[in-house]
Amino acid sequence: MTGAGSRAVARWKDRVAASDPGLLRLTAGLRTVGAISLTLAVLSLLGADVDQLVAGAVASMVATFAVREKKRGGQAITLALGLVVALVSVSLASLLSSRVVIGDVFFVVFIFCAVYGRRFGDRGTALGLIGFQVYFLSLFVAASHESLWGLWRVIAVAFACSALARFVLVPQSSAGILDRLRQAFRARLAQLLDAQLELLDAGPHDVEKALAHVREGNARLHESALMIQGRLDEGTPDASMAGLVQRRVADAEIAAERLGLRLLTARGAERADTLTLHLPGAPVPEAGLLPVRDPAIDTLRRDLTALRMLVRYPGVTGAQAAVNAQVRNRLLGYREEENLPEASEPVQDVFRAVGEAARAVLGLRTALDGPQDESDDSPETARSREELDAEDVAIGAEEEEETAEEETGLRRPTTRTAVQVAVGSSLAIVGGELLSEHRWYWAVLTCWIVFINTSSTGEILVKGSRRLLGTVLGVVAGIGLAGVVGQHTWTAFAVVLLCVFATYYTAPLSYTLMSFFVTASLGVLYTLLHTYSLSVLVLRIEETALGAACGIFAAALVLPVHTDRRTNELLVTVLDRLADVTEAAVDQLSGGPPVDLLDQARELDQALADLRAATQPLTHPVTPLRSRRDTARYVVALLETCAYHARSLAATAELLPTNPSIAADPRLRDVGQRILHNIRALAAGAAEEPADVEVLAGPSIASLLKPGVPGTPRYGQVTDRVLRHLQRLDEAVLGLARPLELPVARPLQVPG
């Protein structure tokens with residue numbers, strides 16, 4: 001019973017860790033609610049009135065969510081500077097409250113400066129956000145020079161309570177975040193193995209659903225890997241440890257994705273295309289070998305379950321530790337050909353992939369949890385440990401700094417966005433005052449918000465529409481909540497706290513939900529301020545629609561960045577990064593000097609993530625351009641396929657200096673030239689460079705690898721794996737030529 005209860009608790013923790021990697025959303029919600037609660041408690045003891053309580057709640061919320069720096073020292077400095085900015089902002093708003101024209105003009109200038117501050121990184125972004133939001137707060141509570149001293153006191157209390165919540169009540173260190181992200185990675189890896197087990201057993205009518213779960217598992221695991229990558233520098237004691245964790249996470253991610261591909265191939269009558277794992281709706285291989293009840297398949301099912309157990313329960317002790325050691329030894333034995341069960345070649349490939357995944361899990365545990373008990377190791381496990389130890393020693397702490405060419409003037413993104421927001425806000429002020437001379441600032445707030453974390457007109461259009469939808473639904477909820485709480489002050493604040501927590505917990509998941517909870521809480525705040533009415537909430541919808549329209553108008557007509565241009569720029573970046581990784585990996589596999597391939601692979605992943613986000617307006621379900629939507633999805637899926645094979649090549653190349661079973665093959669350098677030519681041709685075509693570019697098609701990559709010496713084997717098992725990745729990469733790159741509308745030329749055949 002105790003063991004079953006412990007496993008149930010562990011599964012529950014896994015679900016929480018996987019749904020909220022690093023517990024970042026939970027922490028953000030608890031920290032903000034804690035800061036607001038403290039502020040309300042202190043202000044109530046000081047005898048503050050309801051207006052000041054509302055101002056304090058909003059100020060503490062702003063002080064908490066605006067600071068995004070990773071190091072605690074930097075957070076403290078930004079919070080201190082933010083208090084100064086907040087006091088200046090509320091003072092200017094109070095002094096200009098009676099001067100309408102001058103106040104409006106200053107507000108526009110202030111907005112420009114706040115947005116331009118993004119140029120100076122996280123601190124500049126935070127200070128700009130604090131300045132704008134506190135100015136908005138002053139308009140919301142109708143601040144005047146008579147109430148200025150009271151607002152200073154409220155803001156000082158709010159920032160102090162925010163600091164207390166951040167550093168004492170809900171502390172968060174980079175090392176702690178990284179540790180929780182590791183737990184999330186393990187949990188998501190276990191969930192992916194669950195999905196692969198489902199794929200193994202799925203019948204003909206369930207295979208589409210099972211494959212969708214595998215795709216989702218791959219995407220969620222990749223997301224966790226990128227989040228870990230972003231926290232390594234601050235969360236690890238030195239560069240060597242950061243490099244070790246980075247490599248082990250990359251190995252586990254690649255091994256898990258390879259295992260899924262081998263399972264998919266074993267299910268079909270022919271080798272599965274990697275694109276099937278990345279493109280929703282891609283054709284599933286015709287039913288073939290699985291699920292067939294035979295000893296090999298039963299063994300495979302057992303071993304996948306055992307692998308999932310090793311991932312899910314890594315730190316067990318006692319009898320369970322001995323069982324885990326036996327399981328680990330058996331799975332690692334599949335790395336040796338003589339230990340493979342009698343089965344068809346595709347099924348044996350799955351067992352090989354299980355062995356490689358078990359090795360990756362062993363390396364992941366060693367990197368994250370330190371040295372392990374080796375007394376029960378089999379010879380195969382001992383060999384795997386030796387390989388991992390040799391790789392660990394070889395990891396260096398070399399860092400290369402690249403200086404990116406920065407655009408200037410109005411071409412700089414921060415300057416361009418500042419101009420756009422200033423123009424849009426000017427229109428929102430004029431239109432908002434025509435709707436209401438007292439609530440016009442809601443239009444300005446919406447115009448400001450739709451520009452946050454957006455880079456193109458299409459992204460702004462999607463974000464504006466989501467905010468409007470969330471606002472409409474929130475108004476309906478606000479009407480109901482306002483009727484329930486009435487004038488019960490503390491009940492109303494409790495409802496507001498629940499809405500605030502929900503706002504921050506759902507923000508990364510759904511912008512519509514976030515807008516819904518914000519608007520619902522505003523209905524309650526209006527009740528507290530004795531300004532609630534149905535007409536006020538309807539006006540909120542009108543001002544939101546106006547602000548979104550002004551933002552879209554400014555983005556479309558003032559220094560516009562069209563979605564096509566933005567996606568083309570990011571597409572070129574992805575292709576450039578793909579060429580860099582492929583060239584470096586092939587060069588190292590051919591005997592070239594070692595370089596930091598995993599960092600280059602992560603740069604490719606980040607560029608691809610940026611492209612995926614930028615194509616959201618094109619792939620949105622309601623877009624009327626269906627063929628364009630399908631093309632964008634197809635291109636992104638092909639690029640994800642390319643990235644998978646490039647990561648696999650990089651991971652294999654990283655093993656060369658330390659793994660005695662892998663040797664460089666100089667012939668690979670010539671084999672990779674066509675792929676590199678095609679990637680660069682695609683980049684030139686996407687950049688619309690004035691040159692005739694053609695994508696070259698020809699014989700298979702494997703057929704180009706000629707024996708170096710007559711009578712010697714054509715290539716070994718490792719080179720065969722490299723060739724498979726090169727072949728799939730070549731096919732995916734060639735497949736990009738059609739949607740990118742580039743000509744494909746076949747080399748002339750010389751008659752024999």
Rounded distance [0.5 Å steps], [atom1] in [X] versus [atom2] in [Y]:
{"X": "Tyr441", "Y": "Thr446", "atom1": "OH", "atom2": "OG1", "answer": "12.0 Å"}
{"X": "Asn218", "Y": "Tyr644", "atom1": "CG", "atom2": "OH", "answer": "9.0 Å"}
{"X": "Met514", "Y": "Ile449", "atom1": "CE", "atom2": "CD1", "answer": "6.0 Å"}

Task: Within 6.0 Å of CZ in Phe553, more than 12 heavy atoms from elsewhere - done: no
- [ ] Determine the sole option in Val733, Asn678, Ile679 for which the side chain to side chain contact (heavy atoms under 4.5 Å, CB included) test with Val695 is passed.
- [x] Asn678
Are the side chains of [X] and [Y] in touch, meaning some heavy atoms are under 4.5 Å apart?
{"X": "Val54", "Y": "Phe140", "answer": "yes"}
{"X": "Phe451", "Y": "Ile460", "answer": "yes"}
{"X": "Ser162", "Y": "Leu79", "answer": "yes"}
{"X": "Val475", "Y": "Val538", "answer": "no"}
{"X": "Ser515", "Y": "Leu469", "answer": "no"}
{"X": "Leu96", "Y": "Phe107", "answer": "no"}
{"X": "Ser510", "Y": "Phe516", "answer": "no"}
{"X": "Thr641", "Y": "Arg728", "answer": "no"}

Open item on the list: For the residue pair Arg118 / Tyr116, report whether a side-chain donor-acceptor contact shorter than 3.5 Å exists.
Closed with: no
Task: Contact list for residues 429-438, test side-chain hydrogen bond (donor to acceptor under 3.5 Å, both in side chains), sequence neighbours left out - done: none
Are the side chain of [X] and the backbone N or O of [Y] linked by a donor-acceptor pair below 3.5 Å?
{"X": "Arg439", "Y": "Leu435", "answer": "no"}
{"X": "Thr27", "Y": "Leu24", "answer": "no"}
{"X": "Ser97", "Y": "Ser94", "answer": "yes"}

[X] and [Y]: which non-hydrogen atoms are nearest, and at how many Å?
{"X": "Ala681", "Y": "Leu742", "value": "O-CD1, 3.7 Å"}
{"X": "Ala114", "Y": "Phe132", "value": "CB-CB, 4.4 Å"}
{"X": "Pro739", "Y": "Thr631", "value": "CB-CG2, 3.9 Å"}
{"X": "Ala607", "Y": "Thr573", "value": "CB-CG2, 4.0 Å"}
{"X": "Gly82", "Y": "Phe159", "value": "C-CE2, 3.5 Å"}

Task: Worked check of side-chain contact (heavy atoms from CB on, under 4.5 Å) between Trp440 and Leu546 - done: CA-CA 10 Å; Trp440 55 269; Leu546 175 65; over 6 Å; no
Open item on the list: Is there a side-chain contact (heavy atoms from CB on, under 4.5 Å) between Trp448 and Leu129? Walk through the geometry before answering.
Closed with: CA-CA 10 Å; Trp448 159 283; Leu129 186 57; 3.7 Å; yes
TODO: Check the pair Val141, Val58 against side-chain contact (heavy atoms from CB on, under 4.5 Å), reporting the backbone distance first and the verdict last.
DONE: CA-CA 10 Å; Val141 298; Val58 176; over 6 Å; no
Open item on the list: Checking Glu223 now: which residues fulfil side chain to side chain donor-acceptor pair (under 3.5 Å) with it, not counting sequence neighbours?
Closed with: Arg188
Open item on the list: Set out, in order, the CA-CA distance, both residues' side-chain angles and the distance that settles side-chain contact (heavy atoms from CB on, under 4.5 Å) for Thr519 and Arg540, then state yes or no.
Closed with: CA-CA 9 Å; Thr519 305; Arg540 164 84 169 135; 3.4 Å; yes
Task: Partner set under salt bridge (Lys or Arg N to Asp or Glu O under 4.0 Å) for Glu257, not counting sequence neighbours - done: Arg647
- [ ] Salt-bridge test for Arg25 and Asp20: reply yes if a basic N is under 4.0 Å from a carboxylate O, no otherwise.
- [x] yes
